[in-house]
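Working notes, structure below.
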Amino acid sequence: SLRIACLQLANGFSSLVTPREEVWHNLTPPKGLEESDAAIKFYRECSEEITYRLDQSNFYTSVQEPYFDRASFGTGADFSEWDEEYDNLNFRNLPIGTYYIGQDHRNRVDSVVYEVAYTAQQAATEFGIEQLPEKLQKDVQDPKKTDSYTFLIMVEKTKPWAENQDFPFQMVCVHEESKKVVSEQGYYEMPAHVTRYLSFGNSPYGFAPTWIALPEAHKLSLLQKQMD
């Protein structure tokens, strides 16, 4: 079936691109330092640290979801962050339908806007209670309040004309209802990762092989219903 085919394709991505059983990445010194023993040792140690951090994190379980989205819809995305509580990396899948992406003049993804739903207590843990709107600050004190609130998060490459050039990438989080900015942060690397199966035209979103198989899948589904 189409669903099984998508799962098989996603598993293929996982086993060929990021296999857990073997080292699939390696850092090497840049041109000019290839013969430097100190540089070779430094980059080797960095590679070992990356391997260790990925093994200790939720990377290999989380990456399955964007792989499946890539196979099914043509586009998959996740967000990486440093978890200070556990002193390690943490990865979060961005579900299809919860984000928008933009690309630069070379068709490279340079901005992601996505929404998340947090309870008041979750938002206070994530952003700090003093950063929240007054209504949510009151809800934090009431354990019976379990309502979810929508927050919009935008991550984008810092524009050359922007006043703040401290970081190559900027993130801003806004509480949707009150329009209050609850968090701003800079990054040296893009924390939102987008993968696309194929790109066509000017659309920033990917094209999946499922789109080609979908008409036939509908026909088979209709035939199955008629047989039942």
Side-chain angles (χ1 to χ4, degrees), residues 1-20 22-28 30 50 54 57-81 89-116 151-162 167-174 185-221:
S1 68
L2 191 58
R3 283 181 292 183
I4 294 177
C6 287
L7 285 172
Q8 290 176 337
L9 182 56
N11 289 335
F13 294 150
S14 178
S15 61
L16 293 176
V17 181
T18 56
R20 186 164 193 169
E22 57 186 87
V23 178
W24 48 269
H25 56 84
N26 184 43
L27 300 180
T28 57
I50 291 174
L54 290 177
S57 73
N58 66 330
F59 172 77
Y60 289 102
T61 54
S62 176
V63 77
Q64 295 291 336
E65 297 174 85
Y67 279 156
F68 184 74
D69 289 342
R70 183 178 192 258
S72 304
F73 303 101
T75 306
D78 69 359
F79 188 87
S80 61
E81 59 194 345
L89 288 168
N90 182 66
F91 296 85
R92 291 185 289 175
N93 176 59
L94 304 183
I96 287 291
T98 65
Y99 63 87
Y100 299 89
I101 61 177
Q103 59 186 12
D104 63 14
H105 59 292
R106 291 190 174 92
N107 296 333
R108 297 174 300 199
V109 174
D110 65 350
S111 58
V112 178
V113 179
Y114 66 99
E115 64 178 37
V116 293
F151 293 83
L152 300 178
I153 300 177
M154 181 179 72
V155 185
E156 66 174 353
K157 186 176 182 179
T158 303
K159 301 298 187 291
W161 54 85
F167 294 92
F169 296 91
Q170 302 287 336
M171 183 191 77
V172 59
C173 180
V174 178
Q185 191 171 346
Y187 293 90
Y188 289 107
E189 300 287 345
M190 182 60 156
H193 319 289
V194 178
T195 176
R196 297 172 290 186
Y197 189 85
L198 289 175
S199 294
F200 288 115
N202 295 323
S203 174
Y205 299 96
F207 179 88
T210 51
W211 294 15
I212 300 174
L214 196 57
E216 298 300 325
H218 282 314
K219 292 179 183 179
L220 291 174
S221 178

Between [X] and [Y], what is the shortest heavy-atom contact and its length?
X    : Y    : result
Y99  : V112 : CB-CG1, 4.4 Å
I96  : T75  : CD1-O, 3.4 Å
P66  : A77  : CB-N, 3.8 Å
I153 : C173 : CG1-SG, 3.5 Å
G74  : A208 : N-CB, 3.2 Å

For the backbone of [Y] and the side chain of [X], can you confirm whether one donor and one acceptor N or O come within less than 3.5 Å of each other?
X    : Y    : result
H25  : V23  : no
Y205 : I101 : yes
E156 : V172 : no
T98  : L94  : no
S62  : F59  : no

Under a 4.5 Å cut-off applied to non-hydrogen side-chain atoms, are [X] and [Y] in contact?
X    : Y    : result
N107 : S199 : no
Q64  : N11  : yes
E81  : Q185 : no

Could you grab the distance from atom [atom1] of [X] to atom [atom2] of [Y], nearest 0.5 Å is fine?
X    : Y    : atom1 : atom2 : result
Y67  : D78  : OH    : CG    : 9.5 Å
T210 : L9   : OG1   : CG    : 9.0 Å
F73  : C6   : CZ    : SG    : 8.0 Å
N58  : R92  : CG    : CZ    : 10.5 Å
E115 : F151 : CD    : CZ    : 12.0 Å
L54  : R20  : CG    : CZ    : 9.5 Å

Would you say the ring centroid of F167 lies under 6.0 angstrom from that of Y188?
->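 Ring centres of Y188 and F167 closer than 6.0 Å.
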
For T195, what residues pass the side chain to side chain donor-acceptor pair (under 3.5 Å) criterion, not counting sequence neighbours?
->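 Expected list: R70.
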
Atom OH of Y100 with >12 non-hydrogen neighbours under 6.0 angstrom =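 Not more than 12 within 6.0 Å, no.
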
Hey, what's the ring geometry for F207 with F200, parallel, tilted or perpendicular (30° and 60° as the breaks)?
->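 Perpendicular, since the angle between the ring planes exceeds 60°.
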
Check the pair V63, V17 against side chain to side chain contact (heavy atoms under 4.5 Å, CB included), reporting the backbone distance first and the verdict last.
-> CA-CA 11 Å; V63 77; V17 181; over 6 Å; no

